[in-house]
Amino acid sequence: MKKQLPVLVILITGLLILTACNKGSNKDDPGKLNLYFTHLADGSTLEFDTLKYLNAAGNPYLVSEIQYFISDVTVYRDDGTAFLLDSGEDIHYVDTDLPDTWNYALPDDIEPGTYDSISFTFGINEEKNKSQLFVNPPESNMFWPELLNGGYHYMKLNGKWKSAGDTIRPFNFHMGIGQVYDTLTGVITDFVQNYFRVSLPASGFTIEPGKTVSFEVRMDVQQWFENPHVYDLNYWGGKMMQNQAALQTAKENGHNVFSVQKLLLE
Ligand SMILES: [Cu+2]
């Protein structure tokens, strides 16, 4: 799969737009934030459909695709003031097969100044994560079954692993709303929201009047399977959607899956 070209095209287009827009800006003009999503394994660009990765539990695995939502991006001034950027597109969908989804140009106006971190919700919060929120694909394909509380998956990370006995088995590392089951009857007695906030220190960046600051947001797939919990696919199996213990483990491993790096476009 050739996925390098669109990155270049997007970056160059961004550069041209930025250059064009920078002329004649006022010191009180707002700035903008742009996020560009990339996917890694062990710090290197993730390669798809090749059984070359080994997770912390020692499971050889491959990744076929990753689809997920991030929402409610917030930037923090160096004095601690938070600005929630939800005036336009408050939920963004990323799909490793769809280059158009890799770039997230937030429409929000941001007050110029010095900022030192970015945070976002991994998934969608309880208030917003309701069925019918998305009517068109690809987002609508992320639906979470009505019986399991409806709404949408936070993430579908699909792949295969070599299980005990050297059998290749599919895994659906699917995160979303969990359920509590009555141990005797198997009836659902409650639901559990598993979305979480990701905080990314971004060492003092400046929002300049009339300019866009761009960050690469990296997801390192290996991190879903380690720290603090070693996620053994042989133990948990290929499905996690109805297993709150597995979802909780993945959620707790999510704290350091993402990192940011400023892109030098200016
Ligand atoms: Cu699923």
Side-chain angles (χ1 to χ4, degrees), residues 37 39 41 46 48-49 51 53 55 57 59 61-71 91-98 101-102 120-163 167-181 186-198 219-226 229 231-255 257-258:
F37 294 86
H39 306 89
L46 176 64
F48 293 88
D49 299 312
L51 197 72
Y53 300 113
N55 67 16
N59 309 135
Y61 73 99
L62 65 81
V63 175
S64 308
E65 59 191 349
I66 315 170
Q67 297 144 346
Y68 57 100
F69 289 110
I70 71 134
S71 60
I91 304 173
H92 184 74
Y93 173 71
V94 183
D95 188 325
T96 53
D97 284 331
L98 302 175
T101 66
W102 303 347
F120 56 76
T121 295
F122 179 77
I124 307 170
N125 72 20
E126 180 171 12
E127 186 193 341
K128 297 179 186 177
N129 195 6
K130 305 290 184 200
S131 299
Q132 309 307 320
L133 178 62
F134 299 106
V135 291
N136 298 314
E139 290 91 340
S140 60
N141 295 333
M142 294 290 279
F143 75 89
W144 192 253
E146 285 304 325
L147 276 172
L148 306 183
N149 195 55
Y152 298 83
H153 285 75
Y154 308 148
M155 178 173 75
K156 295 182 188 179
L157 164 57
N158 295 331
K160 292 175 180 164
W161 91 103
K162 191 190 273 186
S163 66
T167 317
I168 304 293
R169 293 170 59 192
F171 68 78
N172 298 325
F173 196 93
H174 288 191
M175 298 175 71
I177 298 165
Q179 313 85 39
V180 178
Y181 292 87
V187 171
I188 294 172
T189 56
D190 206 357
F191 295 100
V192 185
Q193 298 289 327
N194 288 313
Y195 66 87
F196 57 92
R197 291 292 290 182
V198 174
M219 176 198 283
D220 193 316
V221 170
Q222 284 282 59
Q223 295 300 326
W224 287 114
F225 301 113
E226 60 188 67
H229 310 290
Y231 194 98
D232 186 347
L233 289 160
N234 289 327
Y235 174 76
W236 293 109
K239 291 198 190 315
M240 69 195 304
M241 287 176 64
Q242 288 169 272
N243 186 340
Q244 177 55 29
L247 289 166
Q248 180 67 26
T249 303
K251 172 184 175 178
E252 289 175 18
N253 281 356
H255 70 100
V257 163
F258 291 94

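A quick note: this is a predicted structure, and the numbers were derived from the prediction, not measured. Counting convention: from 1, in listed order, for ligands and their atoms alike.
- D97 places none of its side-chain heavy atoms less than 4.5 Å from the side chain of F48.
- Remark: side-chain polar atoms of H92 are paired, donor with acceptor, to backbone N or O of T101 under 3.5 angstrom.
- Around the Cu ion (ligand 1), protein atoms of type N, O or S found under 2.8 Å number 3.
- Around the NZ atom of K239, the shell of radius 6.0 Å holds no more than 12 heavy atoms that belong to other residues, nucleotides or ligands.
- Listed by chain and number, the residues in a side-chain contact (heavy atoms from CB on, under 4.5 Å) with N243 are W236, A245, A246 (sequence neighbours excluded).
- Under the rule for a salt bridge (Lys or Arg N to Asp or Glu O under 4.0 Å), the partners of K128 that lie at least two apart in sequence or sit in another chain are D72, D90.
- For Q248, the side-chain contact (heavy atoms from CB on, under 4.5 Å) partners at least two apart in sequence or on another chain are N194, Q244, K251, E252.
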